[in-house]
Every structure is written in C-alpha cells, then in structure tokens.
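Below: the structure, in structure tokens.
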Amino acid sequence: MFRDILRHVMEPLLFQQNKKKSLHPSLLTDIAKKRTAIKSAIDPFRCVAEELELVERNLMRSIRSSEQILTDISAHLILGGGKRIRPMVTLLAFKVFGGKKIEDIVDIATAIELIHTATLLHDDILDGAEIRRGKESAYKKFGLKATLIAGDFLFIKAFEFAGKFDATVVQWTADACTHLTEGEILQGFFNRKLEVTLEDYLEIVKRKTASLFETGAKVGAYLAGANPSFVEEMGTYALNLGIAFQIIDDVLDVVGHKELLGKPVGMDLRDGNPSLPIILAIREGQSGVAEAFQSDHLTEKMIRTAIETIGRGSAIAKARNFSRSYAEMAFKPVEKLPPSLYRNGLKTLVQLITERDF
Ligand code: FPP
Ligand code: MG
C-alpha cells in the first residue's frame with residue numbers, strides 16, 4: 001500500500017489516464033520524453049524510496065484523531081497527492097553526508113511535510129482556493145472553521161516530531177515556520193500593489209517557500225554530522241532550489257495545464273498575488289496586465305485576456321531564465337561534494353523542478 005502511495009507521489013498525475021484525455025497529443029509526447037529522461041537520470045525519489053516510505057507511514061499515523069473530521073481533512077490533503085519534495089531534500093541532504101540514524105531523519109522529514117501541509121490548508125483559506133491537487137480543496141469541502149483547526153492540528157503534530165531534537169534543530173524549524181508566516185504577510189502587503197519590486201518578490205518567495213526547503217536540507221546535513229560549512233552549503237543549495245521551484249510554480253500559473261497542475265491557472269492574478277510573470281509583464285508595460293493586477297473586480301474574461309497577454313510576451317521566458325539562474329546557484333554547492341548516488345539525486349532534483357509541468 002505504501003509503495004502504491006509512493007508511486008503516485010513519484011510520478012504525480014502523469015499516469016492518470018482520465019486526466020490525459022483532454023491534453024493535446026503534442027503535450028503528451030513532450031511529457032513522455034521528459035519521463036524517459038527523468039528515468040534514465042538518477043532518480044532522486046528512488047535514492048531515498050525506503051525512507052520516503054517510512055515518512056508516509058509516519059504521516060498516516062500522525063493524522064489519527066479521536067475527532068474524525070481532523071483525520072478526514074488531513075487525509076484529504078496528505079493522501080491526495082503531493083510531490084514530497086521537501087522530505088526528499090531533507091533525506092538526500094542526510095544521505096549525501098553518510099547519515100545513518102534513519103529514524104531521526106525520517107521524523108524530521110515528516111515534521112517538514114506536516115508543516116507544509118498545515119500551511120496549504122491555511123493558504124487555501126486565505127486564497128479562497130476551491131481546488132488543490134486535482135480535487136476540491138479542504139476549505140471548500142469541509143468549510144473554513146474545520147480546515148483552519150485541521151491546519152493547527154497538523155502543525156502540532158509536526159511539533160511532536162520536531163520537538164524531540166536538540167535546540168539547534170528546534171530553532172531552525174521554528175525559524176522556518178516564522179519565515180512562512182512572514183512571507184505570507186509580506187505577500188498580503190503587496191497584494192494588488194503595483195509598486196512591488198523584484199527584490200520584494202524574492203523576499204516573499206524566500207520566506208514563504210524556500211525557507212522550509214533550506215531548513216530541511218540544513219537539518220539533514222547537520223543530523224548526518226556534516227561540518228558546519230557543508231551544513232551551510234546544503235542550506236544554500238535548498239534555498240536556491242526553493243526559489244527556482246516557486247518561480248516555476250508562478251510560471252505554470254500562467255502557462256500550465258489545469259489537468260496536470262491539479263488547480264486552475266490564473267490564480268495569482270485572480271488573487272492579486274505578485275507572481276514573477278505578473279511583475280515582469282507589468283514592467284514590460286504589457287497592456288491590461290497592470291489594470292488586471294490592481295483590480296479587485298476582475299471578470300473571468302479579464303483574467304483570461306491578461307493571462308494570454310502575459311503568455312504571449314517575454315515575461316515567461318524571462319521568469320524561466322530567473323529560475324535557471326537559481327538552479328545554477330543550487331548546483332554549485334552540490335558540485336563541491338564527492339560523487340555519489342545522492343549527490344546525483346540532489347542534482348537531478350534541480351532539473352526535475354525547473355523542467356516540471358506540474
Ligand atoms: C503556497 O503558496 C503557500 C505557502 C508556500 C505558504 C503559506 C503560509 C501560510 C499560510 C502561513 C501559515 C504558516 C504556518 C506555519 C501554519 P502559493 O499560494 O503561491 O501556492 P499555491 O498555488 O500552491 O496555493
Ligand atoms: Mg495559494
């Protein structure tokens with residue numbers, strides 16, 4: 001059963017025939033090519049498959065509650081897909097330094113995925129998102145109040161897993177959670193605000209997304225006994241990976257496919273979130289984008305038109321270039337490590353993330 005879940009985690013969406021039906025044949029060929037390329041490279045999922053399976057077991061155990069609704073909401077999101085990238089980064093960073101105490105790293109990787117899941121429950125409330133991971137969001141299905149509490153429930157469960165480590169690990173984990181909340185507040189501050197700069201954007205992304213990647217990698221290296229400079233290097237790797245990941249998330253919100261993403265496109269514009277393609281398109285003076293970004297009375301037609309405009313201009317190519325630069329910065333610290341299966345896994349993960357369609 002756990003292997004089945006993992007398989008879904010490893011190649012999310014690509015094998016779901018019903019979802020393929022509405023996709024254009026050329027896109028399917030493209031995906032098939034990428035899938036072959038991914039399989040021929042060192043697969044980061046396979047490098048830590050056993051440990052990820054233990055994370056799944058922990059997750060499953062941790063969502064049990066005497067209040068069925070908390071279990072149902074948690075299961076709805078946790079068992080409903082998810083790429084498990086954050087635990088994977090944590091596990092790879094541990095294994096690449098020869099870490100041996102698997103129970104420990106599995107527990108902290110579980111905590112990180114639980115924190116991430118808790119933030120998604122809260123994020124969907126904040127964004128009013130109706131769809132997540134290809135199905136109704138928990139917020140839509142179970143309502144705001146129960147979803148809010150389920151987010152708190154998962155957050156506390158994460159604390160159970162992370163709280164038993166030494167003060168350094170607890171502090172880094174707490175710092176990441178603080179950054180997540182700050183990133184979300186900062187993003188709210190720049191909601192529909194034209195004056196948002198690239199620097200503001202990067203600050204938001206570092207905090208709301210990359211900080212959890214960074215912490216996972218640092219903790220992984222630290223618990224494996226890596227020396228402090230390598231622990232920092234792994235943090236640099238994951239911080240840049242996290243930024244590249246979020247940039248691609250923003251790009252896919254414009255040019256992605258609903259069927260692959262498991263959520264509608266155009267959400268950032270709809271919500272007034274300053275995504276990188278939106279900021280770049282506004283800087284380019286693309287007609288109608290600034291107006292759409294500022295407006296809190298957007299119609300579906302206005303969103304569609306603005307999204308098409310952004311997609312036609314150079315903002316997407318520029319955003320992909322930004323993502324590639326962060327990917328390059330992620331590669332550098334990894335190059336300093338001795339060759340190993342796990343080092344290759346860390347490198348392949350960067351490629352997968354920057355070339356993903358979902
Ligand atoms: C998804 O981003 C959201 C996040 C990465 C962070 C959300 C953080 C909070 C809600 C703060 C709460 C914090 C804790 C510790 C419980 P997105 O909206 O760009 O991505 P999406 O398209 O997947 O929704
Ligand atoms: Mg969101």
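In this text the structure is predicted, and so the values were computed from the model without any measurement. Ligands are counted one by one from 1 in listed order, and the atoms in each one are counted from 1 as well.
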Open item on the list: Regarding ligand 1, does K263 bring an N or O atom to under 3.5 Å of one of the ligand's N or O atoms?
Closed with: yes
- Query: Salt-bridged, D152 to K157, with N to O below 4.0 Å?
  - Reply: no
ask   = How about N273 and S275: does a side-chain donor come under 3.5 Å of a side-chain acceptor?
value = no
request  = Check whether L70 and I115 end up in the same hydrophobic cluster, where Ile, Leu, Val, Met, Phe, Trp and Tyr are linked by side-chain heavy atoms less than 4.5 Å apart.
outcome  = no
Decide, yes or no, whether a salt bridge links R324 with E328 under the criterion of side-chain N to carboxylate O below 4.0 Å.
no
Hey, is ligand 1 close enough to D268 that some N/O pair sits below 3.5 Å? no
Considering only NZ, NE, NH1 and NH2 on the basic side and carboxylate oxygens on the acidic side, decide whether E130 and K263 come within less than 4.0 Å.
no
Notebook entry, point to check: Any chance the side chains of N58 and T110 put a donor and an acceptor closer than 3.5 Å?
Noted result: yes
Test salt bridge (charged side-chain N to carboxylate O under 4.0 Å, His left out), reference E51, set K101, R84, K95, output is K95
Sorted by chain and number, protein N/O/S atoms nearer to the Mg ion (ligand 2) than 2.8 Å are D123 OD2, D127 OD2
Legend entry - Geometric N/O contact K208 with ligand 1, under 3.5 angstrom: yes
- prompt: Just checking, is any N or O donor in the side chain of E160 or S62 under 3.5 Å from an acceptor N or O on the other one?
  reply: no
Atom 18 (O) of ligand 1: closest protein heavy atom, distance to 0.1 Å, is D123 OD2, 2.9 Å
E184-ligand 1 polar pair, N/O distance under 3.5 Å: no
In short, side chain to side chain donor-acceptor pair (under 3.5 Å) pairs touching residues 204-213 with sequence neighbours left out are E182-R207, Q187-K208, E203-R207, T209-Q246
re atom 16 (C) of ligand 1, the protein heavy-atom contact at minimum distance is H122 ND1, 3.8 Å
A student checking ligand 1 against T181 at a 4.0 Å heavy-atom cut-off should list atoms 13 (C)
Within 4.0 Å of some non-hydrogen atom of Q246, the atoms of ligand 1 are 19 (O)
- Would you mind checking if K218 and E232 are paired as a salt bridge, meaning a charged N to carboxylate O distance below 4.0 Å? yes
Report whether F94 and L212 are members of the same hydrophobic cluster (ILVMFWY, side-chain heavy atoms less than 4.5 Å apart, transitive linking). no
Of all protein heavy atoms, the one nearest atom 10 (C) of ligand 1 is T119 O, 3.6 Å
Discussion item. Whether R86 engages the ring of F245 as a cation-pi pair (distance to the six-membered ring centre under 6.0 angstrom, angle to the ring normal within 45°) should be assessed.
Written reply: yes
* **Six-ring centre of Y139, R132 cation under 6.0 angstrom, axis tolerance 45°** => no
Within the 4.0 Å heavy-atom cut-off, what L126 brings close to ligand 1 is side chain
Nearest non-hydrogen protein atom to atom 23 (O) of ligand 1, with distance, is R132 NH1, 2.7 Å
re atom 20 (O) of ligand 1, the protein heavy-atom contact at minimum distance is D249 OD2, 3.8 Å
(Q) Is there a polar contact between ligand 1 and D127, counting only N or O atoms under 3.5 Å apart? (A) yes
The atoms of ligand 1 lying under 4.0 Å from a heavy atom of F155, numbered in the order shown, are 15 (C)
